[in-house]
Structures are given as structure tokens and as C-alpha cells.
Trainee: 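Okay, handing you the structure first.
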Amino acid sequence: MPELPEVETIVRDLRPHLVGARVAGVHLGHPAAIRHPDPPAFAAGLAGARLGPIRRRGKFMLLGCRGPGLPRGTALIVHLGMSGTLCLSAAGEPRRPHTHLVLDLGADRELRFVDPRRFGRLLLGPPAALERLGRLPRLGPEPLGPAFTADWWHACLRRTRRAIKAVLLDQRVVSGCGNIYADESLFLARVHPQRPADRLTRAAGEAVRRALPIVLRQAIRSRGSSIADYRDGFGARGAAHESLFVYGRQGLLCVRCRTPLRRTQVAGRTTVFCPCCQR
DNA sequence: CACGACACCTGCCGGC
DNA sequence: TGCCGGCAGGTGTCGT
């Protein structure tokens with residue numbers, strides 16, 4: 001699914017169209033997509049609400065919502081799971097299968113959440129309160145923000161024997177990195193994905209910490225990776241998958257040393273790396 | 001506590 | 001052609 005660059009692209013696409021819009025109607029699809037509150041309360045809370053600021057936190061999207069009966073700081077919180085999309089559509093456009101939420105925004109516009117695999121999640125409420133209730137996970141620092149410091153990162157690495165790739169995927173350590181950009185960052189840093197985190201040299205750990213924002217920013221510039229389901233806020237594909245170095249390229253030659261890239265499993269996830277460059 | 005295994009879903013692709 | 005296994009960008013839970 002969408003990782004940080006894909007979610008960031010959608011947020012930037014939707015922001016100018018959603019802020020200030022009023023929700024004239026709500027249509028729910030599969031109720032399992034809605035994690036909080038129960039579906040009737042979720043729909044009732046959104047109906048008539050005014051949409052405010054939209055932002056990203058890790059792989060979550062948060063759309064501010066104001067309305068009668070909604071607590072201060074309420075947001076519509078969307079996680080896209082593996083196959084979710086959040087797109088602005090013309091109201092007349094036929095709804096795709098697996099459309100689980102439609103917000104009628106008037107002026108012939110609809111915001112649609114489509115998610116075939118239903119790993120995505122929708123919540124409505126103040127994020128801090130949902131975190132306290134255990135409905136939202138506590139996320140680590142943003143990798144593109146000032147809190148992703150060398151001190152924090154190396155303290156996290158020193159504390160665990162897990163593979164470095166598992167640490168990159170742990171949203172409590174750093175939020176927003178997924179399987180594609182973990183592999184890409186480790187390739188750029190020349191670090192083997194299986195290396196136990198506590199056995200990395202300081203320099204190697206630093207190389208990973210520095211590679212991650214570079215990889216993520218590049219992917220944002222390319223509007224995200226559309227390998228299968230991902231689409232931007234208007235339903236179009238991104239281009240970041242066209243310039244990946246390792247992800248999905250097992251058997252092809254390393255762009256640096258021409259060694260065939262190898263595929264393995266790390267932390268239960270398919271992992272591609274260069275056995276020559278990454279140590 | 002830390003970690004790995006597994007579950008949760010649908011769709012698509014390749015092999016037989 | 002059709003069936004079946006394997007695989008997919010994520011994460012919550014459970015058992016060791």
C-alpha cells in the first residue's frame with residue numbers, strides 16, 4: 001500500500017479542494033472499514049460537518065471536521081492499508097466496487113474511499129483522545145521532520161537486536177516507512193537488511209538515517225509508486241516505481257555494481273537487496 | 001518485554 | 001478454459 005510519499009501526495013492533491021467544504025451527505029459501504037465510533041455515529045458525525053485543515057501523520061491522513069456534536073479537534077482519520085485510495089470524483093461517475101465511504105461535497109463533487117482488501121481504516125474523533133483509547137497507535141517521529149534526530153535513532157538501534165529493516169518498518173521508531181522505501185533506503189545506505197540493529201556501526205546507522213528522507217522526498221517528487229492499487233487524490237498513477245533501485249527488481253542487475261539483486265524475507269516481508277554493495 | 005508467526009481480505013498472475 | 005497456490009505497498013493480536 002501507500003507509504004508516506006503516496007499519502008503525502010494525496011494530502012497535497014486534496015487540500016485545496018477539501019478545506020472549507022461542507023459534507024452534504026454521507027454514504028457508507030462495508031461497515032468493517034469503520035473502526036470508530038460505530039458506523040451510525042460515524043455517519044451522523046460527518047453529516048453536515050465543515051472540513052478544515054488536512055494533514056498527514058505517518059501513513060495516516062487527518063481531515064479536520066467541525067460540526068454540531070463533534071468534539072473540538074475532531075478529525076476524519078484515514079489509513080489506506082494495502083489497497084486503499086481516497087479520491088475526489090465527479091458525483092455522476094459510477095462508483096467502483098469496494099467503495100466504503102462517499103462524502104457528498106456538493107457542486108457535483110464526491111470524496112470516495114475505495115479499498116478492495118479492507119485493510120484500511122476510518123475513524124472519526126480527536127486524534128489525541130483516540131490514541132488514549134488505544135484506537136490509534138502511538139507513532140514515532142516523522143522522518144522528514146526535526147524530531148527524527150540522530151540521538152533518537154541511534155538510541156532505538158542500540159536497544160534491539162532485530163534486523164535493521166524491521167526497525168525501519170516499526171512505526172513506533174519512525175513513522176511512514178513501508179516495504180518499498182525501507183529496501184530503497186538500505187540500498188542507498190549500503191546496509192544489509194538483515195543486519196541486527198545493535199550491531200551497526202554509528203556510521204552505518206547514520207547512513208540509513210540520512211538515506212530515508214532522501215528516498216522519501218524523491219518519491220514525493222515523483223508523486224508516489226503506483227505498483228498496483230495506489231492512485232493520487234484525483235485517481236491518477238504516480239511515477240516513483242519507475243525509478244526504484246531494488247524493490248521488485250530481484251534478478252536484475254544492481255545499478256552500482258552489476259551484481260544480480262537477491263530476494264529474501266526479512267521480518268516476514270519480501271526484501272530485495274544487492275549482496276555485493278549491502279553489508 | 002521483545003520478537004516472530006499468523007490472521008485479516010480481495011485480486012491477479014502463472015502453472016498445470 | 002478453469003482451478004489452485006502464491007503473492008501483494010500494512011498492522012493488530014497472540015503465543016513463545
Side-chain angles (χ1 to χ4, degrees), chain A residues 1-10 29-36 56-61 77-86 96-100 113-123 130-131 133-140 155-186 193-199 212 215-216 219-220 222-232 237-251 263-272:
Chain A
M1 126 59 217
E3 306 181 27
L4 182 153
E6 290 75 31
V7 178
E8 181 66 26
T9 301
I10 295 171
H30 202 297
I34 294 153
R35 301 305 173 93
H36 187 89
R56 179 191 59 72
R57 176 78 176 95
K59 300 174 192 173
F60 288 86
M61 270 178 282
I77 300 166
V78 181
H79 192 295
L80 297 173
M82 292 278 265
S83 60
T85 56
L86 193 67
R96 295 167 52 200
H98 310 292
T99 298
H100 304 312
F113 173 67
V114 180
D115 183 19
R117 291 178 71 180
R118 271 190 279 130
F119 288 174
R121 300 176 264 168
L122 301 169
L123 303 95
L130 294 173
E131 223 175 84
L133 285 171
R135 315 304 291 253
L136 275 181
R138 312 214 167 200
L139 297 175
C156 290
L157 295 190
R158 221 176 312 124
R159 191 183 315 140
T160 183
R161 303 165 60 177
R162 296 146 84 200
I164 179 65
K165 175 163 175 182
V167 179
L168 272 174
L169 293 175
D170 186 341
Q171 304 296 301
R172 295 165 305 182
V173 172
V174 59
S175 53
C177 181
N179 204 31
I180 298 177
Y181 303 113
D183 277 8
E184 295 296 305
S185 298
L186 291 167
Q194 298 264 31
R195 275 278 287 286
D198 62 353
R199 287 189 26 223
L212 180 59
V215 163
L216 296 174
I220 292 170
S222 302
R223 303 189 52 76
S225 295
S226 288
I227 288 157
D229 299 304
Y230 166 72
R231 297 296 182 270
D232 68 19
R237 302 171 69 93
H241 55 285
E242 294 166 15
S243 42
L244 298 175
F245 292 121
V246 286
Y247 179 85
R249 295 175 54 82
Q250 58 276 10
R263 175 161 85 170
T264 180
Q265 293 275 123
V266 180
R269 313 295 302 278
T270 292
T271 298
V272 183

Trainee: Mind checking A:S225 for me? I need base, sugar-phosphate or nothing, with any heavy atom below 4.0 Å counting as a touch.
Mentor: base
Trainee: When you check the phosphate oxygens OP1 and OP2 of C:dA8, does a side-chain N or O of A:T270 lie under 4.0 Å from one of them?
Mentor: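 Checking A:T270 against C:dA8: at least one side-chain N or O falls below 4.0 Å of OP1 or OP2.
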Trainee: Can you name the closest pair of heavy atoms from A:L168 and A:C177 and give their distance?
Mentor: O-CB, 3.4 Å
Trainee: Go through the side-chain N and O atoms of A:T270 and A:Q265 and say whether any donor and acceptor fall under 3.5 Å apart.
Mentor: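 Yes, A:Q265 and A:T270 have a side-chain donor paired with an acceptor closer than 3.5 Å.
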Trainee: Side chain of A:H98 only, heavy atoms from C-beta on: which candidate in B:dC3, B:dT10, C:dG10 is closest?
Mentor: B:dT10
Trainee: Is there, by distance only and without an angle test, a donor paired with an acceptor across the side chain of A:R161 and the base of B:dA2 below 3.5 Å?
Mentor: no
Trainee: Starting at the 5' end of DNA chain C, what dot-bracket string do you get if Watson-Crick and G-U pairs under 3.5 Å are bracketed, crossing pairs use [ ], other-strand pairs use | and unpaired bases use dots?
Mentor: .|||||||.|||||||
Trainee: Is a side-chain N or O of A:Q171 found less than 3.5 angstrom from the main chain of A:G176, in a donor-acceptor match?
Mentor: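 Side chain of A:Q171 to backbone of A:G176: a pair is present.
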Trainee: Quick one: does A:R118 reach the base of B:dC9 with a side-chain donor-acceptor pair under 3.5 Å?
Mentor: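 Donor-acceptor pair under 3.5 Å: no.
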Trainee: In whole Å, measure the gap between the P atoms of C:dG12 and B:dG11 for me.
Mentor: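 The same atom, P, in both gives a distance of 24 Å.
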Trainee: Roughly how many Å is it from CZ in A:R57 to C1' in C:dT11, rounded to a whole number?
Mentor: 16 Å
Trainee: Applying a 4.0 Å non-hydrogen cut-off, can you work out what A:D229 is touching in the nucleic acid: base, sugar-phosphate, or nothing?
Mentor: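 If one applies the 4.0 Å heavy-atom cut-off, A:D229 turns out to touch a base.
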Trainee: Just so I know, are the side chains of A:R121 and A:F60 near enough to count as touching, which here means a heavy-atom distance under 4.5 Å?
Mentor: yes
Trainee: Counting only side-chain N and O atoms of A:H79, is one of them less than 4.0 Å from OP1 or OP2 of C:dG10?
Mentor: no
Trainee: Which residue lies toward the 5' end of DNA chain B, A:R159 or A:G268, if each is placed at its nearest nucleotide?
Mentor: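 So the residue in question is A:R159.
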Trainee: Distance between the P atoms of B:dA7 and C:dG5, in whole angstroms?
Mentor: 16 Å
Trainee: Would you kindly give the CZ-to-C1' distance between A:R158 and B:dA2, to the nearest whole Å?
Mentor: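 Atom CZ in A:R158 sits about 18 Å away from atom C1' in B:dA2.
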Trainee: To the nearest Å, give me how far apart CG (A:D115) and P (B:dC8) are.
Mentor: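 Nearest whole value for this atom pair: 17 Å.
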Trainee: Can you tell me how far CZ of A:R57 sits from CG of A:L136, rounded to the nearest 0.5 angstrom?
Mentor: 10.5 Å
Trainee: Atom OH of A:Y230 and atom P of C:dG10: how far apart are they, to the nearest Å?
Mentor: 14 Å
Trainee: Using modelled atom types and a 3.5 Å cut-off, is there a donor and acceptor pairing between side-chain atoms of A:R135 and backbone atoms of A:R35?
Mentor: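 At least one qualifying donor-acceptor pair exists.
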Trainee: Does A:S83 put a side-chain nitrogen or oxygen below 4.0 Å from OP1 or OP2 of B:dC9?
Mentor: no
Trainee: Return no unless some side-chain N or O of A:H30 is found under 4.0 Å from OP1 or OP2 of B:dC9.
Mentor: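 Answer is no, no contact under 4.0 Å.
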Trainee: Just the rounded figure in Å: distance from C1' of C:dC7 to CG of A:N179.
Mentor: 12 Å
Trainee: With stacking defined as ring centroids separated by under 5.5 Å and planes differing by under 30°, is A:F119 stacked against B:dC8?
Mentor: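 Stacking is present between B:dC8 and A:F119, given that their ring centres fall under 5.5 Å apart and the planes under 30°.
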Trainee: Look at the side-chain N and O atoms of A:R117 and state whether any lies under 4.0 Å from the OP1 or OP2 oxygen of B:dC8.
Mentor: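 It does not, given that no N or O in the side chain of A:R117 lies less than 4.0 Å from OP1 or OP2 of B:dC8.
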Trainee: Heavy-atom count around A:R237 CZ within 6.0 Å, excluding the residue itself: above 12?
Mentor: yes
Trainee: Which whole-number value in Å describes the distance from A:L80 CG to B:dC8 C1'?
Mentor: 17 Å
Trainee: Output yes when A:R117 and A:D229 qualify as a salt bridge under the 4.0 Å nitrogen-oxygen rule, no when they do not.
Mentor: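 Not counted as a salt bridge, because no side-chain N and carboxylate O are separated by less than 4.0 Å.
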Trainee: Quickly work out the A:E131 CD to C:dG12 P distance and round it to whole Å.
Mentor: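 Taking atom P of C:dG12 as the reference, CD of A:E131 is at 12 Å.
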Trainee: Return no unless some side-chain N or O of A:Q171 is found under 4.0 Å from OP1 or OP2 of C:dT11.
Mentor: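 Checking A:Q171 against C:dT11: at least one side-chain N or O falls below 4.0 Å of OP1 or OP2.
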Trainee: Quick one: A:R121 CZ to B:dC9 C1', roughly how many Å, whole number?
Mentor: 14 Å
